[in-house]
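Written below as structure tokens is the structure these notes are about.
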Number of protein chains: 2
Amino acid sequence: MHHVPLDESTAAPRRRDRDNIRDLLLEAAITEFAQRGFDGASTTSIARRADAHQPQINYHFSNKSELWQAAVDQVFSELDEVIATTDFLGDPEAGFAALIRGLVEFAAARPELHQIMVQEATAASDRLNWITDTHIRPRYEQLSTLWAALQQRGVAAPIDPKLIYYVVIGTTSLMYINRAEARILLSENPANEAIIDKHVAGIVAMLLPHYKPATRP
Amino acid sequence: MHHVPLDESTAAPRRRDRDNIRDLLLEAAITEFAQRGFDGASTTSIARRADAHQPQINYHFSNKSELWQAAVDQVFSELDEVIATTDFLGDPEAGFAALIRGLVEFAAARPELHQIMVQEATAASDRLNWITDTHIRPRYEQLSTLWAALQQRGVAAPIDPKLIYYVVIGTTSLMYINRAEARILLSENPANEAIIDKHVAGIVAMLLPHYKPATRP
DNA sequence: GTCTATAATTAGATAGAC
DNA sequence: GTCTATCTAATTATAGAC
């Protein structure tokens, strides 16, 4: 069944040239991959989200796998920016507290990163090997080392440095991975500033039980 | 292109009657839905996993949605058994510690429950509304209430009772949701007894900083 | 670079033989 | 209850006009 235009002159296909179409497709892909996983996401649906046609995805990204990889690189580069601007200049405890705040704020603003991770990390695959080697392991090692240093100073909870990664990522991000569920349970947006502040304070107090944030004089 | 049997007598289709085929299909579905989500999972692949034919799924479960619902009910009923056998008879702190151990052991043995949850909870849907109302909210409320009581007793970390659910589920389960990743990072199976013991001890110490498990006299 | 048309494959569901 | 055959719809990728 074909679309029958009321008037042929108005049916002329509109050419929607946009200089940012690659970014629009990428953002649409991030959303789709986060919500439905690699297999569940469809390039047709991604294109529609960007008000584009499905073959434009193959033109700009060759194939679905390269689109997925570009999406992953994009969200991790955004995380890099947050980490890079985190103030580690004070004492290690204040630096760790700032890191926790950065991670919670990032998870609230960009839940897609962790959503894509859980979609991929449920089963072994080439995609998982790539993302783990490229993006995850350096962060895992850094956090493990930082945590061991905090334990040396006697301010950190007795969590094994090999396991601290999953405690930190689990607490800072699960509420945002499951944000559609959290919105139902909390009856409000879990990304609200008040929720974020409470969540950060709770996590820091729990992980650094002997640390008291400096109060302004 | 059709399969040409070497000998017609050996090509007779084998009728694989099994009285537990429904359970086999259900178990295969749990695995597939956990790893690839509702849209990513295919009934053909699920049937193949159970060494059955794709139409048998429609025969035993009507359609894909009812298969999914049966899979969810199954894993939550298994969780119920674990919770039901948890010993809450001692003091509240010992009961909470036992609950944490039960949750970690369950996540290690049945990561599919939480994997299915994160697959579904990323976006609003009828499936999410059903699973949240039916299975999640009662547990969320129970944990919130239990936590408030522990805080009254002065032994619990300063986590908001409205947020404790995500702290508990995040810490107890993320390493098992991401078990394929964790296996790479830890260079061992995160479901190993030694890892489980360490993880439980860390979480309990962090959440109940003033609680010291009773040592045998 | 955008767009239509379409090829090649796979999806979930149903009909009917056994 | 199992199985083959098949329908309709949806998938990713490609060809070629513009």
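Everything quoted here is computed from the prediction, not taken from an experiment. Proteins get letters first, then strands, A, B, ... in listed order; numbering begins at 1 in each.
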Handout entry: Under 4.0 angstrom between A/H53 side-chain N/O and C/dT2 OP1 or OP2
Key =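 Checking C/dT2 against A/H53, no side-chain N or O comes under 4.0 Å of OP1 or OP2.
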Exercise for the section: Look at A/Q56 and C/dC3 and indicate whether a side-chain polar atom (N or O) is within less than 4.0 Å of OP1 or OP2. Expected result: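 Result: yes.
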Handout entry: Enclosure of A/D126 CG (heavy-atom neighbours >12, cutoff 6.0 Å)
Key =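 Incorrect, the count does not exceed 12.
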Compare the minimum distances between each of [options] and the side chain of [X], then state the nucleotide with the smallest one.
| X | options | value |
| --- | --- | --- |
| B/Q54 | C/dC3, C/dG12, D/dT4 | C/dG12 |
| B/P55 | C/dT2, C/dC3, D/dC3 | D/dC3 |
| A/H60 | D/dT4, D/dA13, C/dT2 | C/dT2 |

Sequence neighbours left out, cut at 3.5 Å: what donor-acceptor pairs do the side chains of residues 162-169 of chain B make with other protein atoms?
| residue | atom | partner | partner atom | Å |
| --- | --- | --- | --- | --- |
| B/Y166 | OH | A/E181 | OE1 | 2.4 |
| B/Y166 | OH | A/A182 | N | 3.3 |

Using atom [atom1] of [X] as one end and atom [atom2] of [N] as the other, report the distance to the nearest whole Å.
| X | N | atom1 | atom2 | value |
| --- | --- | --- | --- | --- |
| A/I46 | D/dT12 | CD1 | P | 8 Å |
| A/D17 | C/dC3 | CG | C1' | 10 Å |
| B/E66 | C/dA13 | CD | P | 10 Å |
| A/R15 | D/dA17 | CZ | C1' | 11 Å |
| A/N58 | D/dT14 | CG | C1' | 8 Å |
| A/L25 | D/dA13 | CG | C1' | 16 Å |
| B/I57 | D/dG1 | CD1 | C1' | 15 Å |
| B/W68 | C/dG12 | CH2 | C1' | 18 Å |

Handout entry: Set of residues satisfying side-chain contact (heavy atoms from CB on, under 4.5 Å) with respect to A/A97, sequence neighbours excluded
Key =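 Scan of A/A97 (side-chain contact (heavy atoms from CB on, under 4.5 Å), adjacent residues dropped) gives A/V204, A/Y211.
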Handout entry: B/V75: side-chain contact (heavy atoms from CB on, under 4.5 Å) partners, not counting sequence neighbours
Key =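 Here the qualifying residues are B/I30, B/R110, B/L113.
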Below 3.5 Å between N/O atoms, which protein atoms pair up with nucleotides 9-11 of chain C? Just atom names and distances, please.
| residue | atom | partner | partner atom | Å |
| --- | --- | --- | --- | --- |
| C/dA11 | OP1 | B/S42 | OG | 3.4 |

Practice task
Could you tell me whether B/I21 contacts a base, only the sugar-phosphate backbone, or nothing, with contacts defined as non-hydrogen atoms closer than 4.0 Å?
Solution key: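 Sugar-phosphate, backbone atoms only, no base.
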Practice task
Can you sort out the partners of A/R18 under salt bridge (Lys or Arg N to Asp or Glu O under 4.0 Å), two or more places apart, ordered by chain and number?
Solution key: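 Counting only residues at least two positions away or on another chain, A/R18 forms no salt bridge (Lys or Arg N to Asp or Glu O under 4.0 Å).
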Exercise for the section: Check whether any side-chain heavy atom of B/I83 sits under 4.5 Å from a side-chain heavy atom of B/L99, and report yes or no. Expected result: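 Side chain of B/I83 against side chain of B/L99, heavy atoms only: contact under 4.5 Å found.
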Problem - Sequence neighbours excluded - side-chain hydrogen bond (donor to acceptor under 3.5 Å, both in side chains) pairs with any residue from residues 136-149 of chain B - result: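 Passing the test, one end in residues 136-149 of chain B: B/D80-B/R139.
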